[in-house]
Chemist: 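Here you go, one structure.
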Amino acid sequence: MKIGVLALQGDFAEHIVMLSDLGVETVEVRLPEHLNKLDGLIIPGGESTTIGKLAVAYNLMGPLCQFGQRQAIWGTCAGAIFLSKDVSRDQPLLGLMDIKVERNAFGRQVDSFEADLDISELKQATGTDEAFHAVFIRAPIIESVSGDAKILASLPDGRIVAAQQGHFLATSFHPELTGDSRFHEYFLSLVD
Ligand code: GLN
């Protein structure tokens, strides 16, 4: 199995470490041809406007959308924003997931926080029972899901922070910044 990590901007290196620790071969994706022969793709956190502008500049928008027709894609934080259909402002989006996202929904950088999430799909898929410790850094929330998209995780107040739509996964938080590889394992289970 070969997994790409979009390496235009943001914390792609942390995803690569996590995948390598799981014994998965990785490729840094910066150009359309880097998508060849990949089984799945992770879009990291960072700044979604920057990732979008660079994806336009490197002619990646079309190839990424095409890749998503067949292969699994997971967006963390800025990556989740980039995967979404609607962020209530004008910026380049892949529009692959039927989710509406609100950027910086918890406030500024200093309002970043951590929380334990109870995610039944994750527990079931990995045969574990512990909550997932999630790191939120100037994070978005998923305002709503539509179509086939379903909610995977919410905060205690009901705000949605993870969603899945077939082979697409979106998380507001950063599993690559914890020692817990269960979300990466869960994503790999969506890759075929
Ligand atoms: N605030 C960033 C954005 O709106 C996302 C932050 C992150 O990826 N940690 O794109």
Side-chain angles (χ1 to χ4, degrees), residues 3-19 26 28-30 40-58 60-61 64-65 68 72-117 119 122 132-145 149 151-155 157 159-165 168-184 186-187:
I3 301 294
V5 182
L6 191 65
L8 298 174
Q9 189 264 339
D11 74 334
F12 53 88
E14 286 77 0
H15 277 291
I16 288 171
V17 169
M18 198 65 129
L19 291 168
T26 59
E28 292 185 9
V29 174
R30 294 193 175 84
L41 178 76
I42 296 179
I43 305 177
E47 196 57 45
S48 59
T49 42
T50 307
I51 292 173
K53 280 181 188 168
L54 290 171
V56 170
Y58 290 101
L60 273 160
M61 296 299 282
L64 286 170
C65 287
I73 305 184
W74 173 21
T76 56
C77 205
I81 297 167
F82 191 45
L83 265 183
S84 75
K85 280 222 158 87
D86 186 357
V87 297
S88 306
R89 51 169 283 177
D90 193 21
Q91 68 181 75
L93 298 176
L94 294 177
L96 288 169
M97 274 189 88
D98 290 318
I99 56 174
K100 183 168 194 243
V101 171
E102 183 188 344
R103 292 180 61 192
N104 307 326
F106 299 97
R108 305 177 59 168
Q109 197 80 6
V110 291
D111 302 309
S112 297
F113 65 101
E114 301 184 12
D116 284 334
L117 301 174
I119 309 173
L122 189 75
F132 192 86
H133 190 70
V135 178
F136 294 83
I137 304 171
R138 212 154 70 85
I141 56 162
I142 300 168
E143 261 183 77
S144 58
V145 300
I151 297 168
L152 269 191
S154 306
L155 290 170
D157 64 8
R159 286 187 284 184
I160 306 164
V161 290
Q164 182 178 348
Q165 183 171 16
F168 298 131
L169 203 55
T171 54
S172 301
F173 48 90
H174 289 269
E176 73 285 5
L177 297 182
T178 66
D180 191 339
S181 61
R182 283 180 294 163
F183 242 103
H184 288 75
Y186 186 65
F187 174 65

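When reading the values below, keep in mind they use all heavy atoms of this one structure, side chains included, and skip hydrogens, waters and symmetry mates. Start at 1 and go down the list; that is how both ligands and their atoms are numbered.
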Chemist: Can you find a heavy atom in the side chain of Phe183 that is under 4.5 Å from one in the side chain of Thr178?
Modeler: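 With C-beta onward as the side chain, the pair stays apart.
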
Chemist: Distance-only criterion, 3.5 Å: show the donor-acceptor pairs between side-chain atoms of residues 87-99 and protein atoms not counting sequence neighbours.
Modeler:
residue : atom : partner : partner atom : Å
Arg89   : NE   : Gln91   : OE1          : 3.4
Gln91   : OE1  : Arg103  : NH1          : 2.8
Gln91   : NE2  : Ser48   : OG           : 3.0
Asp98   : OD1  : Lys85   : NZ           : 2.5
Asp98   : OD2  : Gln165  : NE2          : 2.6

Chemist: What class does the angle between the rings of Phe106 and Phe113 fall in, given that below 30° is parallel, 30 to 60° is tilted and above 60° is perpendicular?
Modeler: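 The rings of Phe106 and Phe113 stand perpendicular, inter-plane angle above 60°.
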
Chemist: Would Lys53 and Glu47 pass as an ion pair if we require N to O under 4.0 Å?
Modeler: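 No, no charged N to carboxylate O under 4.0 Å.
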
Chemist: Knowing that exactly one of Cys77, Ser112, Ser172 qualifies, which makes a side chain to side chain contact (heavy atoms under 4.5 Å, CB included) with Phe136?
Modeler: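 Answer after filtering Cys77, Ser112, Ser172: Ser172.
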
Chemist: Hey, which residues fall under 4.0 Å of ligand 1 on heavy atoms?
Modeler: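 Contacting ligand 1 under 4.0 Å are Gly45, Gly46, Glu47, Ser48, Cys77, Ala78, Ile81, Arg103, Asn104, Ile137, Arg138, His174.
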
Chemist: Could you label the plane-to-plane angle of the His184 and His15 rings as parallel, tilted or perpendicular, counting under 30° as parallel and over 60° as perpendicular?
Modeler: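 If you compare the ring of His184 with that of His15, the planes turn out tilted.
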
